[in-house]
Every structure is written in C-alpha cells, then in structure tokens.
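Input: a single structure, listed below in structure tokens.
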Amino acid sequence: MKTTARSRALVTCFGLAGVFTLFSFRLIQVQVAQADEFTSEAAAKHVDKQIIHARRGAIQDAHGEALAQNEPVKTVVADASLIKDRDAFAALVAGVLEVPEAVINGKLSRMTKSKVTGKLEPSRYIVLKKDVPETTATQLSLLVAQSKTQGVVSNLEAIRFEQDFIRVYPNGSLLCHVLGFTNGESMGMDGVERSMEQYLRGENGFRFIERDRIGREIVPYRGQQRDARNGCNVRLTIDMGLQNIVEQELQAVVKQYRPKSATVILMRPQTGEILAMATRPNFDLNKQSGVPEENRRNRAITDILEPGSTFKIVTTAAALSERVVRADTMIFCENGYWDWCKLKDHHPYSDLSVADVLMRSSNIGTAKLAAQLGDQRFYEYTRKFGFGERTGVALPGEVSGILHPPHLWSKISITRIPMGQEVAATPLQVVAAMAAIANGGRLLMPQIVSEIVDDDGVTVARFPAQEVRRVASQKACDAVRDALVRVVSKTGTAQLAAVPGYDIAGKTGTAQKYDEKGKVTHDKYVVSFVGYMPAHDPAFVALVILDEARAKPGENYGGLVAAPVFAKIGDRAARYLGLKPTRIELPDGKTLAVDASKLRDR
Amino acid sequence: MPVNKRRHANAVPIASFATWIVIALFTAAGGLGYVWCKNQLHTTGGRIKALEREYSDLRNKNEVARAHIAQLSSTKSLQDRFDSGFIKLVKITDDRIVNVPNKPGLDASNELRAVSNPGGRK
C-alpha cells in the first residue's frame, strides 16, 4: 500500500485527537466525577483546623488578689517522619524533658497507617510530654535547631510546641474548698471553679490553614477564622486578709485538739457576703494527686451536724417575735429536770427570764418556749430561718440538712428540736441564721461571688445582697442580741469568746454524737460557737465548729474549745478591719461603754 | 525576478514583529509580576507567622511573669516570708493605737490636727 503525505498527516491527526480525547476524559473524570474525593484527600493531607486556645478566667479575692490563674505551658509533639537519627534525637530531648531515653525512643518508633497510601509509616504526631514550662520549650527548640546541622533531623518541624495552660493556685491550700479545682481538660470540677464554669470557661477559636509538603503553614492560604473568646474573671467576696487569720487560728486549734473535722466561716451580716471560709482536713490545690476524697469535701456546706445549743437562738427569736413571751417573762425551769420528757439542764434552775434562759443555755426553759409556740408555729419558724433547705450559695454540693415536718415528730420532739437535737444543719445554715439575728431579722442568701468581669474589664454580672425573707422582728432580734451579749460576759457560758474592747454577742453549742447503732455516745461531741462583733453594729458573724475534738474529759464544750478560737479570730479581725472599740477596759476591771452610734464611721 | 521585487518580497515585517515583541514583553512582565507578587505574599506570610510567634511568645512570657508575681505576692507567700523573719514587721501594741471616735470633719482651712496618745508614750 502506497502511503502519501496526506494519509500520514491524517493518521497523525487522528492519533493525536485520540490521545487528547483520552486526556480530556481523564481530566473530566478527575476534575468533575471524582472531584470531591480528590479534594477531600488533598484537604486531609494539607488543610488543617488550627485551634486558637481561649484562656480560662482568673479567680480573685475581694481586693483583686489572684487566687486561681493560668500559666502557659507547652505540649511537645514530635514528627517521626522528619527525624533521621532516632537514637540521637531521643538522647537529645530526654535530658531536657526529664523523660527516660527509652520512653522517648519507644514513642518515636510508633508506626501509623497512612490515610493516603495505606502503608505503615513513622507517626507524624507523637506527644512526647505535656505541661512543659515555657523556658524548657525554648531550650528544647534551640537544641533541635543545632541538631539539624548535625543531621539528626531533616527539618525543624520535627518537633512542635502546642500551646496549653495549666491552672495554678498561688495560695496553695488556702481557701482550697471554696476555689475547687479543674480537670485535665480545664473544666471546673469543684468549688467556684465548677459553679462559675459558664463564666470562667472561654470559647476556643479556630483557623483553617494549609500546610506545604513538609508541614509548614502557607500563610496566604489561610481560610475561615474565628477568634478565641477568653473566660471572664470571677471576683469573690472572700477577703484574703481575714481568710489568712481564720486559716492560722483554725490550724492552731486543729493542732491542739486534733478533731475529725473543723470549720470556720466569717460572714458580713448586712449583705450575706462570706468573708472567709476554712475547713480541715484540707489539701494543696497545686499537688492534688493522691489526696483522699475526704479532704476535698467542703464541710461547711456538705456535712450536716446537730447544731446543739446554738439552735436556741432560733427558738428564742421565734418566741419573742410571736410575742408569746417578752425578754423579761419568767420561765420555770423545773429545778433542773423536767420529768415528763426526761429533759435535764446542766445546772438546776427554778425561775429564769427568757433572756436568762438563753444566757444560761437552759434546755428546759428553751423547750418550754417552743412548747408555748406549738409544733406547727415552731416548725414554720425553723424553716423560715433556713433550716431544712439549701442556702443557695454559689458552691456545688450543698445539702439541705434535715428538719422533719411536725407530723413525723415524736411526742418529745418539741422539747428536743429547740435545743438543736433531732435536727441537722450545715455550718453555713447556722451562720446564716445568726446573721439574720445580727442584721435585725432578715435572712440573706450567703454570697461567695461578688462580680464577674470580662477580659476587657467590663462587669458582666454582679451579685448584690439578696434577702430571702424576714424571719423575725427587729425588736425580737434586739432582745436576743442583748441576751447573747450576756452569754459572752463573765457570768455567761462563753466568757472565753470575749474580745477586749468589744461587745460580743454569741452562743455556744455542744452536741453529743450518735454511734452506728443510733445510740448517744458520751465521748464524741460536736462543739461550736457562733457569734458576731461588735454586737450593736456587727462587722462580721463567725462560726467555729469542731467535730470530735480530743479535749480532756469534762472540757469538751463549745465554751471551752470553740469560743477561744472565736476570741482570737475576733481580736485579729478587729485589728485588720480597723474596728473601733465599743468599750474601754478600766484599770479597776470595770468597763466603760462607748456610744456605738458614734462609731459608725468605719 | 527583478532585484527590487525580491527586496520587497523578503521585507521584514517590523511593525508586526514589534507588536508581538511588545505583547511578549507585556506577558513576560505580567508573568514576572505575578511571580513577584506571589513571592511577596509568601514572604509577607512568613513574616506574619514569625511576628505572630514572637507576639505569642512575649504574651506567654508575660503570663508566666504575672503568675510568678502572683505567686510571690500571694497571702501565703507573704505570710511565709513574715514567719521566716524576711519581712520585719512588728505587731503594733494596743497602747500605740489611737482610736478617734468621730471622724474629724475637715474645716474650711483644711488643717491637719494633732492627736495625743499619752498611753503610747509610756
């Protein structure tokens, strides 16, 4: 067959057309038919969603002292595919990171299956160590830069540092139960860290980035971005000056009496602000591993105890407020033993005024006051004072205590509850009830958080004083206060609570504990003292409570164990707060009262 | 073919060439410009990245310093220093404290008034 130039040209053209047609088909197949598949494959290889970490808000005391804050740390990540000499690399980083060389080597030898090729290849994301300090990270990056010249790594991207934060608590164990703690994912697990989680937690941002063949970010190809929103700062009502005083005195009494637990709370009665709250046993917030669960509990709100005689303030205030008696009404105290309900007093009394009943802490007299009120009315008052319900403080885990309704009472319950038996309350409930007496009859919700401030310093939320209800008349509270001032006099049960120069109003409490079989023990007591100062213009209410203090037999009373702690705290707190004395001690042992109304320029 | 005709037949089309050369130059310049712009983008991107890293490092250093300051100025730390005698504070005894019952109202002259504390001179 004779071929001509024309036919050769035609064959060539057809051949080329065929080849280009095939190319076109393939192009359409890649660009259109399989576009999504290849796009996602490319994106998986090159596009990355980079997290922009938000900072968790700080917690501060009433004066702005940092109580919980963040410290930047790094997570060290290695890319084994970029490491040429694994042994040399492990030896290099092990010393700086303080991790055994074998551990590093083991991590680096991990293989992962490639998403693209399906083959096993060196892992490109190996976490070598978390929570590495900034200084160590800087040191490590310099070492890796040097090692590149020695051929240990092929690229500086062989080691990366991811930003992270750890929570630090500058005061260690101080205020540990109130502050609480976070878990490994910076989520509040207890205390204010948990209750204020919604404000403290920030919102992470993100940015879509593209990486080149060796993993470097291609900045011009940055995609969608959303900035991080940092968490708000939480300012507490706690005054660290007072907290420190409370912690020191509590530590001293715990050392002396080695109780099972002990709690002290200071509250401002006009607003319900908690000024200090300390509990033993406690723990260091910066060293939490191995801390027993028992130590983590904030017993001020989670433990319920029989309040004992401190509960008599409720009974007396109720009887006076309902006007079934007056402060000078005489009550016959059965000469120390009330037969029908088998109730005893520590000392035999015949006739006592209502004020004296409270001052001398007569069980029989108090029971008779409640009996005059009647079951239902007395129950309503105890409920009004906040017993049997949560106070609503912004701390997690608060319990409501136990106060049974009258239809569940026995015949003698009306003689037992008034003196703080058959009722269980949290220490915070007792403080809140005493604060109601101190402020003239208003039950306030205890406040632990003062305000929330955002990252720019703008106040997001405030927590002003919140009155729950009026629980007693001003007149009744004044009468109770006058009686409580006598409790802390030389003839009262709490003379050791006296603070020189100040009028103190307070009440002791000593409750016997029950054993596992429900029988009353004779060697286990809950001793307490709750009071406020100065009595006529109180700056704070304080409760000191010790569970199973190991005092000498016959000395395990609230007036002997808890009251002196109040006196020490009161003395130092008065000095710290700059309270002006309300009376002057004269050389002959007498006291001269100072007009309290003229001292309100604090 | 006559010489003059041949000369005209092989004449170089300068105008056409010039047009194409200009087009080629523009294309080349455009291409180079594009590459230069791309290069600038990448260089600037690198600088942005470096600045971001520097800013982040500085911010982290600042945060570490703040945490350190908070640690050193915390109540616990100050108390420890006080207990160890590093901060030499002496408790003021009661006889050295003057309590003024009423806040002195500042008069027009705004004078400072002296107070006496005989007990404190003992």
Side-chain angles (χ1 to χ4, degrees), chain A residues 55 58 60-61 63 65-74 133-135 137-138 161 163 165-166 168-175 209 212 216-222 239-245 247-248 284 286 500-501 571-572 575 578-581 584-585 594-595 598-602, chain B residues 34-35 37-83 87 89-106 119 122:
Chain A
R55 282 167 167 75
Q60 301 163 335
D61 86 332
H63 303 298
E65 181 182 331
L67 304 176
Q69 61 181 27
N70 308 306
E71 190 176 319
V73 287
K74 303 281 190 194
E134 285 285 326
T135 46
T138 312
F161 301 97
Q163 188 63 61
F165 298 94
I166 52 165
V168 288
Y169 302 90
N171 284 297
S173 59
L174 255 69
L175 205 67
I209 58 164
D212 65 10
R216 287 178 310 190
E217 183 194 345
I218 309 169
V219 178
Y221 295 169
R222 277 182 182 176
D239 183 324
M240 280 310 283
L242 291 173
Q243 181 71 26
N244 192 38
I245 292 168
E247 297 267 4
Q248 283 186 329
D284 190 336
N286 297 316
D571 188 35
R572 292 179 65 184
R575 192 182 282 261
L579 302 183
K580 295 193 175 78
I584 299 163
E585 312 282 340
V594 178
D595 187 355
K598 290 180 180 174
L599 300 175
R600 294 186 180 184
D601 55 347
R602 204 174 41 249
Chain B
Y34 176 77
V35 171
C37 283
K38 274 288 212 187
N39 190 44
Q40 279 297 102
L41 265 176
H42 282 274
T43 311
T44 314
R47 283 172 61 193
I48 288 170
K49 188 77 188 160
L51 284 170
E52 277 179 352
R53 195 167 289 161
E54 196 181 335
Y55 171 66
S56 171
D57 285 348
L58 282 171
R59 205 167 57 170
N60 286 343
K61 276 180 189 166
N62 189 35
E63 293 252 339
V64 171
R66 277 173 59 185
H68 196 56
I69 290 166
Q71 181 73 45
L72 291 174
S73 59
S74 67
T75 302
K76 185 178 182 293
S77 178
L78 291 175
Q79 185 65 47
D80 289 346
R81 288 180 140 211
F82 174 71
D83 292 342
I87 303 172
L89 292 177
V90 179
K91 188 180 176 184
I92 303 166
T93 52
D94 287 334
D95 62 338
R96 299 264 169 188
I97 298 172
V98 179
N99 286 296
V100 184
N102 292 313
K103 191 184 273 181
L106 292 175
K122 283 174 190 171

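Sequence lines set the chain letters: A, B, ... in the order given, protein chains first and strands last, and positions in each chain run from 1.
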- [ ] Nearest 0.5 Å please: distance from the CZ atom of B:R59 over to the CZ atom of A:R55.
- [x] 4.0 Å
Open item on the list: With rounding to the nearest 0.5 angstrom, report the NE2 to CG distance, B:H42 to A:D212.
Closed with: 9.5 Å
Open item on the list: As a test of understanding, state which of B:N60, B:N62, B:D57 forms a side-chain contact (heavy atoms from CB on, under 4.5 Å) with A:P72.
Closed with: B:N60
TODO: Provide the closest heavy-atom pair for B:A67 versus A:E71 in the form atom of the first, atom of the second, distance.
DONE: CB-OE1, 4.1 Å
Task: Closest contact, heavy atoms only, B:G45 versus A:V219 - done: O-CG2, 3.2 Å
- [ ] Measure A:Q248 against the heavy atoms of chain B and call it side chain, backbone, both or neither at under 4.5 Å.
- [x] side chain
Task: Euclidean distance, B:L78 CG relative to A:M240 CE, rounded to 0.5 Å - done: 10.5 Å
- [ ] Heavy-atom distances under 4.5 Å only: say whether B:S56 touches chain A with side chain, backbone, both or neither.
- [x] side chain
- [ ] With a 4.5 angstrom heavy-atom cut-off, could you sort out which part of B:Q71 is near chain A: side chain, backbone, both or neither?
- [x] both
TODO: Consider only side-chain N and O atoms of B:T75 and A:Q243, and report whether a donor and an acceptor are under 3.5 Å apart.
DONE: no
TODO: Grab the two heavy atoms, one from B:S74 and one from A:N171, that are nearest each other, plus how far apart they are.
DONE: CB-OD1, 3.4 Å
- [ ] Tell me, for A:L67 versus chain B, whether the close heavy atoms (under 4.5 Å) come from the side chain, the backbone, both or neither.
- [x] neither
Task: Between CG on residue A:L174 and NZ on residue B:K76, distance to nearest 0.5 Å - done: 7.5 Å
Task: Rounded distance (nearest 0.5 Å) linking atom NZ of B:K49 with atom CD of A:E217 - done: 4.0 Å
- [ ] Please look at B:K61 and chain A and tell me whether the side chain, the backbone, both or neither of the residue comes under 4.5 angstrom of a heavy atom of that chain.
- [x] neither
- [ ] Identify the heavy atoms of A:Q69 and B:R66 that sit nearest to each other, and give their distance.
- [x] NE2-O, 3.6 Å
TODO: Tell me, yes or no, whether the heavy-atom count around A:F161 atom CZ, taken from other residues, nucleotides or ligands under 6.0 Å, exceeds 12.
DONE: yes
